[in-house]
Amino acid sequence: MQQRIAQLALVVKDYDEAIAFYRDKLRFQLIENTTLSEAKRWVVMAPPGTSNTYLLLAKGANEEQLSRVGNQTGGRVFLFLYTDDFKRDYEYYLSAGIKFLRPPSKEEYGTVAVFEDLYGNLWDLIEPIEK
């Protein structure tokens, strides 16, 4: 048996503002943007480089879903973005206006810093130690 997590749904307020943030600030690629109905689209994004896991941007459809935007995990780091060059990406993100909540630190698993996306979801930017 072979399985993998292909996509993670990220609840957003607005498709276009979320696309702009991930594309223009984090340099993600827009993989798919298909209109399914007047209110729903299938929006898939991926970080630069090779990726086997994608973000599905899912617009909150009701008050309960919208209440989760930016806090899908109760304030814990939600997503982990690995990089092959921490310094390059950290400096670029700072110049793009990304807000870091925890500065870079060296940990036993690599270099890491915590940033937030446009809605306040917490991300780890990590350059793992090569083993």
Side-chain angles (χ1 to χ4, degrees):
M1 176 185 283
Q2 184 176 348
Q3 298 178 333
R4 67 182 176 93
I5 295 175
Q7 297 179 35
L8 296 171
L10 180 65
V11 182
V12 300
K13 289 181 186 173
D14 179 83
Y15 289 117
D16 293 322
E17 74 180 3
I19 290 169
F21 176 84
Y22 287 101
R23 181 192 60 220
D24 301 341
K25 300 249 183 198
L26 298 185
R27 299 187 284 195
F28 279 35
Q29 297 173 324
L30 181 60
I31 305 299
E32 185 174 353
N33 186 3
T34 302
T35 300
L36 301 176
S37 70
E38 194 172 309
K40 189 173 183 178
R41 288 159 47 185
W42 189 260
V43 179
V44 179
M45 302 202 74
T50 303
S51 183
N52 292 322
T53 305
Y54 301 94
L55 282 183
L56 173 67
L57 303 182
K59 184 178 176 185
N62 56 47
E63 287 303 313
E64 183 176 1
Q65 291 176 12
L66 288 169
S67 75
R68 303 304 197 269
V69 171
N71 193 18
Q72 289 185 215
T73 59
R76 289 188 58 95
V77 170
F78 177 43
L79 297 162
F80 302 82
L81 183 61
Y82 278 34
T83 177
D84 63 345
D85 188 330
F86 183 91
K87 184 178 185 314
R88 175 199 64 212
D89 292 340
Y90 178 75
E91 290 176 358
Y92 175 80
Y93 287 173
L94 285 174
S95 73
I98 299 299
K99 181 179 177 184
F100 280 85
L101 303 179
R102 290 184 216 133
S105 64
K106 299 274 187 189
E107 304 296 336
E108 60 188 56
Y109 54 84
T111 304
V112 62
V114 177
F115 70 92
E116 65 181 9
D117 69 13
L118 76 163
Y119 298 120
N121 293 299
L122 301 182
W123 290 66
D124 271 357
L125 175 65
I126 301 171
E127 181 178 354
I129 292 175
E130 299 276 334
K131 293 185 179 186

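Heads up: numbering here begins at 1 and tracks the sequence. The analysis underlying the following values was restricted to heavy atoms, covering all of them including side chains, and did not include hydrogens, waters or symmetry mates.
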First locate atom [atom1] of [X], then atom [atom2] of [Y], and finally report the distance between them rounded to the nearest 0.5 Å.
X	Y	atom1	atom2	answer
Gln72	Leu79	CD	CG	8.0 Å
Met45	Phe28	CE	CZ	7.5 Å
Thr53	Phe80	OG1	CZ	13.0 Å
Phe78	Leu10	CZ	CG	5.5 Å

Any non-hydrogen side-chain atom of [X] less than 4.5 Å from a side-chain atom of [Y]?
X	Y	answer
Trp42	Ile31	no
Asn71	Asn121	no
Gln7	Leu55	no
Tyr82	Leu125	no
Ile129	Tyr109	no
Val44	Leu57	no
Leu122	Leu101	yes
Ser105	Val112	yes

Can you see which heavy atom on [X] is nearest to which on [Y], and at what distance?
X	Y	value
Pro103	Ala113	C-CB, 4.0 Å
Asp89	Arg27	OD1-NH2, 3.2 Å
Leu8	Ile5	CD2-CG2, 4.0 Å
Glu17	Tyr119	OE2-OH, 2.5 Å
Asp124	Val114	OD1-CG2, 3.1 Å
Ile19	Asn33	CD1-ND2, 3.8 Å

Does either side chain, that of [X] or that of [Y], offer a donor lying less than 3.5 Å from an acceptor on the other one?
X	Y	answer
Asn52	Arg4	no
Tyr54	Gln29	no
Tyr22	Asp117	yes

Just distance, no hydrogens or angles: give the donor-acceptor pairs under 3.5 Å from side chains in residues 59-66, sequence neighbours left out.
from	atom 1	to	atom 2	distance (Å)
Asn62	OD1	Glu64	N	3.1
Asn62	OD1	Gln65	N	2.8
Gln65	OE1	Ala61	N	2.7

Could you check Tyr15 against Thr35 for side chain to side chain contact (heavy atoms under 4.5 Å, CB included), going step by step and ending with a plain yes or no?
CA-CA 11 Å; Tyr15 289 117; Thr35 300; over 6 Å; no
Under a 3.5 Å distance rule, please check whether Lys25 uses its side chain to pair with a backbone N or O of Ala96 as donor and acceptor.
yes
Side chain to side chain contact (heavy atoms under 4.5 Å, CB included) between Arg41 and Asp16, intermediate numbers included:
CA-CA 11 Å; Arg41 288 159 47 185; Asp16 293 322; 2.9 Å; yes
Run the ring pair (Phe, Tyr, Trp, His ring centres under 6.0 Å) test against Phe115 and tell me which residues pass, sequence neighbours left out.
Tyr93, Phe100, Trp123
CZ of Arg102: more than 12 outside heavy atoms within 6.0 angstrom?
no
Indicate if Val43 and Leu36 have the same hydrophobic cluster label, given that clusters are the connected sets of ILVMFWY residues with side-chain heavy-atom separations under 4.5 angstrom.
no
Are Val77 and Leu81 connected in the hydrophobic side-chain network, where two residues link if heavy atoms are under 4.5 Å apart?
no
